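Please read the structure below before turning to the comments.
Being a predicted model, the structure only gives us computed values, none of them experimental.
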Amino acid sequence: AMDASDASSPGRQKALFQEITANHGAALRRLCGGYERNDALRSELEQEVLLNLWRALPGYRGEASLRTWMYRVAHNTAIRHVSKAGREPRKSEDDTEVETAVSEAPSAAAQVEHADARAALRDAVCRLRPLERQLILLYFEEVSQTEIAAITGLSQANVATRIHRIKGALTKVLSR
């Protein structure tokens with residue numbers, strides 16, 4: 001990993017950006033797919049995420065790992081993107097609504113019959129509120145709960161509890 005002491009120099013900014021795209025490009029594409037199902041909108045979001053990462057790099061000081069910082073910028077960009085388009089799910093912080101939001105999807109059984117399980121899962125994840133979506137997408141990327149807590153600003157215990165609830169809700173919806 002690159003030393004972040006002077007991310008504001010053009011050469012350092014370019015090197016850090018290349019490190020992000022080389023090491024985390026696929027994860028960023030999957031993250032964007034978790035927020036946008038439509039190919040054109042997903043591509044637009046990917047460009048927006050990369051642009052925001054590039055613009056934010058001069059401010060990267062290395063207080064968090066490059067990966068943690070990258071996920072924070074990428075998820076914030078994705079949440080703003082979906083919110084700006086007026087497609088943000090309800091903002092209530094009541095965790096009992098996770099399952100309600102997910103179960104509003106068209107019949108999961110019908111989806112699984114007509115598409116593979118991955119598409120049904122992606123569809124269910126896209127229906128989650130932004131915070132739940134962020135948590136489960138990071139979990140799917142095998143990001144540690146400690147790092148997820150650093151990215152989201154939640155406590156580690158809160159992260160663990162919420163991920164457990166989200167997994168339960170997704171399992172319930174997908175098994176129908």
Check: Glu132 and Ile136 side chains under 4.5 Å, non-hydrogen atoms: no
Minimum heavy-atom distance between [X] and [Y], given as atom pair plus value:
| X | Y | answer |
| --- | --- | --- |
| Ala149 | Ser155 | CB-C, 4.1 Å |
| Gly33 | Cys126 | O-SG, 4.0 Å |
| Arg37 | Arg127 | NH1-NH2, 3.8 Å |

With sequence neighbours left out, write down each residue that passes side chain to side chain contact (heavy atoms under 4.5 Å, CB included) with [X], or none if nothing qualifies.
| X | result |
| --- | --- |
| Asn38 | Ala40, Leu41 |
| Gln145 | Gln156, Val159, Ala160 |
| Ser43 | none |

Neighbour count >12 (heavy atoms, 6.0 Å) for atom CZ, Phe17: yes
Please list, one pair per line, the donor and acceptor atoms closer than 3.5 Å that link side chains of residues 45-59 to other protein atoms, with sequence neighbours excluded.
from	atom 1	to	atom 2	distance (Å)
Glu48	OE1	His81	ND1	2.8
Asn52	ND2	Thr77	OG1	3.1

Hey, could you give me the [atom1]/[atom2] distance between [X] and [Y], rounded to the nearest 0.5 Å?
| X | Y | atom1 | atom2 | answer |
| --- | --- | --- | --- | --- |
| Leu128 | Ile166 | CG | CD1 | 6.5 Å |
| Leu66 | Asn23 | CG | CG | 8.5 Å |
| Ile79 | Lys84 | CD1 | NZ | 13.5 Å |
| Leu135 | Asn158 | CG | CG | 8.0 Å |

Partners meeting side-chain hydrogen bond (donor to acceptor under 3.5 Å, both in side chains) with Ser144 (sequence neighbours left out): none
Contacts of type side-chain hydrogen bond (donor to acceptor under 3.5 Å, both in side chains), residue Lys14, not counting sequence neighbours: none
From CA spacing to verdict: side chain to side chain contact (heavy atoms under 4.5 Å, CB included), Leu28, Met70: CA-CA 9 Å; Leu28 286 172; Met70 173 214 63; 3.9 Å; yes
Tyr35-His75 side chain donor-acceptor pair, cut-off 3.5 Å: yes
Partners passing salt bridge (charged side-chain N to carboxylate O under 4.0 Å, His left out) against Arg29 (at least two apart in sequence or in another chain): none
Arg67: partners by salt bridge (charged side-chain N to carboxylate O under 4.0 Å, His left out), with sequence neighbours left out: Glu147
Among Ile148, Leu137, Asn76, Leu31, the one residue meeting side-chain contact (heavy atoms from CB on, under 4.5 Å) with Tyr71: Leu31
Salt bridge (Lys or Arg N to Asp or Glu O under 4.0 Å) pairs, two or more places apart, involving residues 72-81: none
Trp69 vs Glu63, side chain to side chain contact (heavy atoms under 4.5 Å, CB included): CA-CA, chis, key distance, verdict: CA-CA 9 Å; Trp69 177 87; Glu63 286 132 18; over 6 Å; no
Heavy-atom donor-acceptor pair, Thr68 side chain to Ala64 backbone, under 3.5 Å: no
